[in-house]
J.: 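This is the structure, below, for whatever I ask next.
In this text the structure is predicted, and so the values were computed from the model without any measurement.
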Amino acid sequence: MKICTTFCVSLATVLVMMSNIVMAVAETHIPTTLDGPFDPVTRRFDPSLRRGSDDLPMTHPRLRKNVTSNFPEQIALAISSPTSMWVSWVTGDAQIGLNVTPVESASVGSEVWYGKKSGKYTSVGKGDSVVYSQLYPFEGLWNYTSGIIHHVKLKGLEPGTRYYYKCGDSSIPAMSQEHYFETFPKPSPNNYPARIAVIGDLGLTSNSTSTIDHLNYNDPSMILMVGDLTYANQYLTTGGKGASCYSCAFPDAPIRETYQPRWDGWGRFMEPLTSEIPMMVIEGNHEIEPQAGGITFKSYLTRFAVPAEESGSKSNFYYSFDAGGIHFIMLGAYVDYNSTGAQFAWLKKDLQSVDRSVTPWLVAAWHSPWYNSYASHYQEFECMRLEMEELLFRYRVDIVFDGHVHAYERMNRVFNYTLDPCGPVYITVGDGGNIEKVDVDHADDPGKCPSAGDNIPEFGGVCKSNFSTGPAKGNFCWNKQPEWSAFRESSFGHGILEVVNSTYALWTWHRNQDNYKENAVGDQIYIVRQPELCMKDLKDPHQSLPYNSSTKSSSAINHLSQVEWS
């Protein structure tokens, strides 16, 4: 497996890259957002391709268990801070059946041995372990209890440094093979991770395999996973064959069932990557997984360590972290997002704390897109947009990544459905390859505009309405590709973000069908920050724009529509 050996871009390299940007753009004709807004472009689904594929069976070599007894498996890294890293893994066997008994989580220790030289471990980190159960109070449904899930935070690490490690329990002894990771560079406008992979709605199909193999070839230094991971809830509790449409295949199911061993298979499937580069996750609707007692999200909340506490959040559903000169904000679309709620208060405080002279780039991610011209999930999360969009705009978020829609779409810079040079670049990458197939219909296609009763969110209210301004005024859907939609294509794939310096970042979307084509890209653009235009009202580099929660988006648009595009 290829893993990046130089984790951050040095200042010297940045200077060289900057000196060649103009030449590179001219030679390869890579556009920049300064060239926008762009005329909308649609690349239709290639009918020579299949819209989807079945899930891999649990007997597949990449999903089946390959360790014995209490040796670690499903090893995964997650960023805690520039000087700390989470290491997580699973030991023991999960149980599934009508009657299951959880094992004692403390029966196997949680240790990580680590150091700067291979085979020489100068430090030991210890952590916690937990077991969770997925229980169904319905006759005939199988229950599940997990193996022991371990989380250890390694502290006092040096930024931009390679560490070698083993995890497990040395008293058994049952330690993993040696792995390594590299910490992120210290937050600075001159230091950035080399390549950040962005994936959504991955699943465990043959298409998912193509996505991960292609991603691995592109040698990322971090994975941003924007929800809908395993699709374990496309199954009955007894397993069998997963369905592309759950309600179609299982109309009589008493509850949205799941086959929890798919989570274990997914952890093994991802381990070759996640044991050596950090993966930062956020929940999607397929992680809800309701069970007995109204419990939800149990698998997601138990299996993944995220820097919630480190970022002042009291919930693993939303958090933030720094990666060099980038501040990432991960938001929860399936927990309270109202302006009177805890997530909104945390988000406002987090945005206020960002020093743009240290972390110039501000990137947000959540699962369900606000801007989406596909018929699937059209205007589904308008309520969340109405609550939060102005806050993100006023603090000048640069890029937003979403999933949920099983296709690719990149927007022109936009705020409140109006083109705006200071709005974020919204990008939908819900095209990871899952069992539900690729989305091909657009809301502006003849006869494809959803009704207001379609696309009801699994959480939150319904705030759908006709457009009040612009070319689609008075209509629920446009009659052509919306002006805020720059490019869309129905294909599976993944994206790579390469931040060059404090103002330029290269975004590349890779289609799965181009996996074996040299230098082939599906979409590519330099995203350019314009602090001189968009942050000119700031008194100092780290100050954020004032926010008044009573200000309505419409009044902001009336004011901002007078700003010329430059």
J.: What's the spacing between Thr508 OG1 and Arg195 CZ if we round to 0.5 Å?
T.: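 CZ of Arg195 is found 10.5 Å from OG1 of Thr508.
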J.: We want to know whether Gln74 and Asp264 form a side-chain donor-acceptor pair, criterion being a heavy-atom distance below 3.5 angstrom.
T.: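 Checked: Gln74/Asp264 side chains pair up, N/O donor to acceptor below 3.5 Å.
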J.: Take a 6.0 Å sphere around NZ of Lys65 and say whether it holds more than 12 heavy atoms from other residues, nucleotides or ligands.
T.: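 Counting other residues, nucleotides and ligands, NZ of Lys65 exceeds 12 neighbours.
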J.: Of all heavy-atom pairs between Tyr136 and Leu141, which one has the smallest distance, and what is that distance?
T.: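 Heavy atoms of Tyr136 and Leu141 come nearest at CB-CD2, 3.7 Å.
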J.: Taking atom types as modelled, is there a side-chain donor on Ser84 or Ser81 under 3.5 Å from an acceptor on the other?
T.: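 Looking only at side-chain atoms, Ser81 and Ser84 do form a donor-acceptor pair, the distance falling under 3.5 Å.
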J.: Flag the pair Tyr180 / Tyr114 as yes when their ring centroid distance falls below 6.0 Å, and as no otherwise.
T.: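 Centroid separation for Tyr180 and Tyr114: 6.0 Å or greater.
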J.: Classify the side-chain pair Ser315/Gln343 by whether it contains a donor and acceptor separated by less than 3.5 Å.
T.: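 No, no side-chain donor-acceptor contact under 3.5 Å.
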J.: Inspect the surroundings of CD in Glu178 and state if more than 12 heavy atoms from other residues, nucleotides or ligands are less than 6.0 Å away.
T.: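 Correct, the count exceeds 12.
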J.: Donor-acceptor check, side chain of Trp266 to backbone of Leu229, threshold 3.5 angstrom: yes or no?
T.: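 Yes.
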J.: Decide if atom CH2 of Trp86 counts as having more than 12 heavy atoms of other residues, nucleotides or ligands within a radius under 6.0 Å.
T.: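 Atom CH2 in Trp86 is packed in, count exceeds 12.
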J.: Measure from the side-chain N and O atoms of Gln234 to the backbone N and O of Ala243, and report whether any donor-acceptor pair falls under 3.5 Å.
T.: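 Checked: pair present.
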J.: Before we go on, tell me: are the rings of Phe181 and Tyr164 under 6.0 Å apart, centre to centre?
T.: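 No, the ring centres sit 6.0 Å or more apart.
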J.: How far apart are the C-alpha atoms of Ser110 and His151, what are their side-chain angles, what is the distance that settles it, and do they pass the side-chain hydrogen bond (donor to acceptor under 3.5 Å, both in side chains) test?
T.: CA-CA 7 Å; Ser110 307; His151 300 297; over 6 Å; no
J.: Between Asn233 and Tyr259, is any side-chain donor less than 3.5 angstrom from a side-chain acceptor?
T.: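 No - no donor-acceptor pair under 3.5 Å links their side chains.
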J.: Between Asn285 and His367, is there a side-chain donor-acceptor contact under 3.5 Å, judged purely by atom types and distance?
T.: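 Yes, Asn285 and His367 have a side-chain donor paired with an acceptor closer than 3.5 Å.
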J.: Roughly how far, to the nearest 0.5 Å, is the NZ atom of Lys241 from the CG atom of Leu236?
T.: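 Atom-to-atom, Leu236:CG and Lys241:NZ are 13.0 Å apart.
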J.: Can the ring centres of Tyr319 and Phe328 be said to be less than 6.0 Å apart?
T.: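 Ring centroids of Tyr319 and Phe328 are no less than 6.0 Å from each other.
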J.: How many angstroms lie between CD in Gln134 and OH in Tyr144, if you round to the nearest 0.5 Å?
T.: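 The OH atom of Tyr144 is 9.5 Å from CD of Gln134, to the nearest 0.5 Å.
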J.: Under the 3.5 angstrom rule, does the side chain of Thr296 hit a backbone N or O of Ile288 as a donor-acceptor pair?
T.: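 Side chain of Thr296 to backbone of Ile288, a donor-acceptor pair under 3.5 Å: no, none is there.
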J.: Treating Arg268 as the side-chain partner and Leu63 as the backbone partner, does any N or O pair qualify as donor plus acceptor under 3.5 Å?
T.: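 Indeed, once roles are kept as given, a pair shorter than 3.5 Å links the two residues.
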J.: Do Phe401 and Trp507 have their ring centres less than 6.0 Å from each other?
T.: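 Yes; Trp507 has its ring centre under 6.0 Å from that of Phe401.
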J.: Among side-chain atoms of Gln95 and Trp142, is any donor-acceptor pair under 3.5 angstrom?
T.: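 No, Trp142 and Gln95 have no side-chain donor paired with an acceptor closer than 3.5 Å.
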J.: Which heavy-atom pair separates Phe184 from Ile79 by the least distance, and what is that distance?
T.: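 Scanning both residues completely, I find the closest heavy atoms to be CE1-CD1, 2.9 Å.
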J.: Can you see which heavy atom on Gly522 is nearest to which on Arg511, and at what distance?
T.: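 For Gly522 and Arg511, the tightest heavy-atom pair comes out as CA-CG, 3.9 Å.
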J.: Side chain of Tyr163, backbone of Glu158: donor and acceptor closer than 3.5 Å?
T.: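 Checking the backbone N and O of Glu158 against the side chain of Tyr163, a donor-acceptor pair under 3.5 Å is found.
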J.: Is the side chain of Thr359 donor-acceptor paired with the backbone N or O of Trp361 at a distance under 3.5 Å, no angle test?
T.: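 Side chain of Thr359 to backbone of Trp361, a donor-acceptor pair under 3.5 Å: no, none is there.
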J.: With a 3.5 Å cut-off and no angle check, do the side chains of Thr205 and Ser208 form a donor-acceptor pair?
T.: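 Result is yes, a qualifying pair exists.
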J.: Give a yes-or-no answer on whether the side chains of His404 and Glu380 include a donor-acceptor pair shorter than 3.5 Å.
T.: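 Side chains of His404 and Glu380: pair found under 3.5 Å.
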J.: Judged by atom type as modelled, is there a donor-acceptor pair below 3.5 Å linking the side chain of Asp228 to the main-chain atoms of His286?
T.: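 Here the side-chain-to-backbone pair exists.
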J.: Within the side chain of Thr161, is there an N or O that forms a donor-acceptor pair under 3.5 Å with the backbone of Pro159?
T.: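 Flag set: sc Thr161 to bb Pro159 pair under 3.5 Å.
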J.: Atom OG in Ser221, atom OH in Tyr192: separation rounded to 0.5 Å?
T.: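 If we round to the nearest 0.5 Å, Ser221:OG and Tyr192:OH are 14.0 Å apart.
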J.: Would you say the side-chain atoms of His494 and Asn512 include a donor-acceptor pair closer than 3.5 Å?
T.: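 There is no such pair between these side chains.
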J.: Main chain of Val131, side chain of Ser105: is a donor-acceptor contact present, judged purely on distance under 3.5 Å?
T.: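 Answer holds: no.
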J.: Taking the six-membered ring for Trp, are Tyr165 and His179 parallel (under 30°), tilted (30 to 60°) or perpendicular (over 60°)?
T.: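 It falls in the tilted class, 30° to 60°.
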J.: Take Val226 and Val429 through the side-chain contact (heavy atoms from CB on, under 4.5 Å) test and state the conclusion after the steps.
T.: CA-CA 8 Å; Val226 293; Val429 286; 4.2 Å; yes
J.: Looking at Gly432, is its backbone amide N or carbonyl O close enough to the side chain of His406 to form a donor-acceptor pair, meaning the two atoms are under 3.5 Å apart?
T.: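 Checked: no pair found.
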J.: For Met225, which of Ile282, Val198, Ile199 qualifies under side-chain contact (heavy atoms from CB on, under 4.5 Å)?
T.: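 Considering Ile282, Val198, Ile199, a side-chain contact (heavy atoms from CB on, under 4.5 Å) with Met225 is found only for Ile199.
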J.: Decide if atom NZ of Lys298 counts as having more than 12 heavy atoms of other residues, nucleotides or ligands within a radius under 6.0 Å.
T.: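 12 or below, so no.
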J.: Using distance alone, with no hydrogens and no angle criterion, decide if Gln260 and Ser299 have a side-chain donor and acceptor under 3.5 Å apart.
T.: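 Gln260 vs Ser299: donor-acceptor pair found between side chains.
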J.: Rounded to the nearest 0.5 Å, what separates atom CG in Leu98 from atom OG1 in Thr238?
T.: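 With rounding to 0.5 Å, CG (Leu98) is 10.0 Å from OG1 (Thr238).
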J.: Indicate whether the side chain of Tyr231 and that of Asn434 have a donor and an acceptor atom separated by less than 3.5 Å.
T.: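 A donor-acceptor contact under 3.5 Å links the two side chains.
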J.: Could you check whether Thr258 and Glu289, counting side-chain N and O atoms only, form a donor-acceptor pair closer than 3.5 Å?
T.: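 No, no side-chain donor-acceptor contact under 3.5 Å.
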J.: Side-chain donor-acceptor pair under 3.5 Å between Asn207 and Ser53, yes or no?
T.: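 A donor-acceptor contact under 3.5 Å links the two side chains.
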